[in-house]
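Each residue takes its place number in the sequence, starting with 1.
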Amino acid sequence: MKKMSIYLIIVVALFGLIFVLNQSDKNALYGKPSSQLNPATKALLNDPNYQNIILPDELNTRVKSAEGSFIYFFASDCIHCRNTTPVLMPIVKDLGIDLPQFNLREFQEYFNKYDIEFTPTLAYYKDGKLVEKLEGGVSEGGGPGYSKDDFISFFKRHSGKEG
């Protein structure tokens, strides 16, 4: 009986240790263990351009907001996103705009939930409705896409910072 108690204590301690280690592995940006993140997401964890990450609950709250909210939908493995994000972040910083970023690679069901066909997608929502979105990234080498001025105009149009 004494040996059984010792084994039981050891098993409980091991499960406790596993639980603690699993909790300490949680990534601060994504709220889940880093081991569960897509490799492309892991590669962006320390990139200063990808630090305004929001999770599904906050996304839903911001979309429903009466104040209006910009959302940047991206996929961590999207080359167009990786080319566009470094263009957008200085613009929002200069304009004083909060641009939360939602990683669709980690939450793929939100492609359908928010009718996102392409990444990146820059969207503006107000009162739970999509007001306008820019689908696609920055124009590269004169190809399709948006210029820096297109992004600036989009932000100014919806932020009231027209000047």
Side-chain angles (χ1 to χ4, degrees), residues 24-163:
S24 66
D25 183 40
K26 276 200 174 175
N27 178 273
L29 290 176
Y30 288 94
K32 59 183 174 180
S34 295
S35 60
Q36 293 178 7
L37 295 175
N38 181 289
T41 298
K42 287 181 193 179
L44 295 177
L45 291 176
N46 294 319
D47 186 324
N49 287 315
Y50 292 94
Q51 298 301 305
N52 199 13
I53 302 297
I54 58 172
L55 301 177
D57 287 345
E58 187 174 351
L59 170 66
N60 295 330
T61 299
R62 285 179 177 256
V63 166
K64 292 175 187 170
S65 170
E67 297 173 20
S69 186
F70 294 102
I71 307 289
Y72 180 58
F73 293 96
F74 75 100
S76 54
D77 56 356
C78 166
I79 188 66
H80 303 293
C81 300
R82 289 194 183 204
N83 291 334
T84 301
T85 305
V87 173
L88 284 179
M89 295 306 107
I91 292 171
V92 296
K93 184 178 180 185
D94 289 347
L95 294 174
I97 290 173
D98 179 33
L99 182 60
Q101 303 163 317
F102 190 79
N103 187 347
L104 289 162
R105 188 56 56 226
E106 295 302 326
F107 307 100
Q108 293 190 35
E109 64 274 18
Y110 283 79
F111 272 105
N112 289 333
K113 184 170 182 176
Y114 284 98
D115 195 28
I116 305 297
E117 293 183 51
F118 306 102
T119 56
T121 292
L122 178 61
Y124 181 74
Y125 293 91
K126 188 167 182 162
D127 295 320
K129 293 184 172 80
L130 175 66
V131 176
E132 183 182 2
K133 67 181 174 180
L134 300 179
E135 292 181 313
V138 67
S139 176
E140 299 167 33
Y146 299 99
S147 69
K148 184 177 176 182
D149 288 339
D150 293 331
F151 291 122
I152 292 170
S153 294
F154 179 85
F155 288 120
K156 285 184 175 183
R157 189 166 50 254
H158 297 294
S159 68
K161 298 182 181 192
E162 285 288 344

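Here Y124 and F155 keep their ring centres 6.0 angstrom or further from each other.
Note: S76 OG to L104 CG = 9.5 Å, rounded to the nearest 0.5 Å. The distance from atom OG1 of T121 to atom CD of E135, rounded to the nearest 0.5 Å, is 4.5 Å. Between atom CD1 of residue I54 and atom CD of residue Q101 there is a gap of 9.0 Å, rounded to the nearest 0.5 Å. Remark: N112 CG to E117 CD distance equals 10.0 Å, nearest 0.5 Å. Atom CG in N83 sits 11.0 Å away from atom OG in S139 (nearest 0.5 Å).
Atom CG of D98 sits in a crowded spot, with more than 12 heavy atoms from other residues, nucleotides or ligands closer than 6.0 Å. For E109, the CD atom sits in a packed shell: over 12 heavy atoms of surrounding residues, nucleotides or ligands are nearer than 6.0 Å. Counting heavy atoms of neighbouring residues, nucleotides and ligands inside a 6.0 Å radius, atom CG of D57 does not exceed 12 of them. Counting heavy atoms of neighbouring residues, nucleotides and ligands inside a 6.0 Å radius, atom NZ of K148 does not exceed 12 of them.
Using a 4.5 Å heavy-atom cutoff, the side chains of Q36 and E106 are not in contact.
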Exercise for the section: Carefully, step by step, assess S147 and D150 under the rule side-chain hydrogen bond (donor to acceptor under 3.5 Å, both in side chains). Expected result: CA-CA 5 Å; S147 69; D150 293 331; 3.3 Å; yes
Exercise for the section: Check the pair K156 / L95 against side-chain contact (heavy atoms from CB on, under 4.5 Å), numbers first and verdict last. Expected result: CA-CA 8 Å; K156 285 184 175 183; L95 294 174; 3.9 Å; yes
Practice task
Assess whether salt bridge (charged side-chain N to carboxylate O under 4.0 Å, His left out) is satisfied between K126 and E67, documenting all intermediate values.
Solution key: CA-CA 6 Å; K126 188 167 182 162; E67 297 173 20; over 6 Å; no
Practice task
In sequence, state the C-alpha distance, the side-chain angles, and the governing distance for L99 and L122, and then conclude on side-chain contact (heavy atoms from CB on, under 4.5 Å).
Solution key: CA-CA 9 Å; L99 182 60; L122 178 61; 3.6 Å; yes
Problem - side-chain contact (heavy atoms from CB on, under 4.5 Å) between K133 and D115, intermediate numbers included - result: CA-CA 11 Å; K133 67 181 174 180; D115 195 28; 4.3 Å; yes
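Between Y114 and Y110, the ring planes are parallel. Angles under 30° get that label, and only those over 60° would be called perpendicular. A perpendicular orientation is assigned to the rings of F73 and F102, their planes being inclined by more than 60° (bins at 30° and 60°).
When N60, L59, T61 are each tested for a side-chain contact (heavy atoms from CB on, under 4.5 Å) with V63, only one passes: L59. Under the ring-ring contact (aromatic ring centres under 6.0 Å, His included) rule, F74 has a single partner from F118, Y50, F107, F111, which is Y50.
With no hydrogens or angles considered, a side-chain donor-acceptor pair links Y72 and T85 at under 3.5 Å. N103 and Y30 are linked by a side-chain donor-acceptor pair at a separation below 3.5 angstrom, with hydrogens and angles left out of the test.
Shown here for A43 and R82, the closest heavy-atom pair between the two residues is CB-NH2, 4.2 Å. Taking both residues in full, the closest heavy atoms of T84 and V138 are given as OG1-N, 2.9 Å, listed atom of the first, atom of the second, then distance. In this structure, Q51 and L45 approach most closely via the heavy-atom pair NE2-O, 2.8 Å. Among all heavy-atom pairs drawn from K42 and S35, the shortest one is NZ-CA, 4.1 Å. The two residues P86 and C81 come nearest to each other via the heavy atoms CD-O, 4.3 Å.
Not one N or O on the side chain of N38 forms a donor-acceptor pair closer than 3.5 Å with the backbone of R105. Checked by atom type and distance alone, the side chain of E132 never pairs as donor or acceptor with a backbone atom of Y125 at under 3.5 Å. Side-chain N or O atoms of E58 include none that pairs as donor or acceptor with a backbone N or O of P100 at under 3.5 Å. Using modelled atom types, one side-chain atom of S153 and one backbone atom of D149 make a donor-acceptor pair closer than 3.5 Å.
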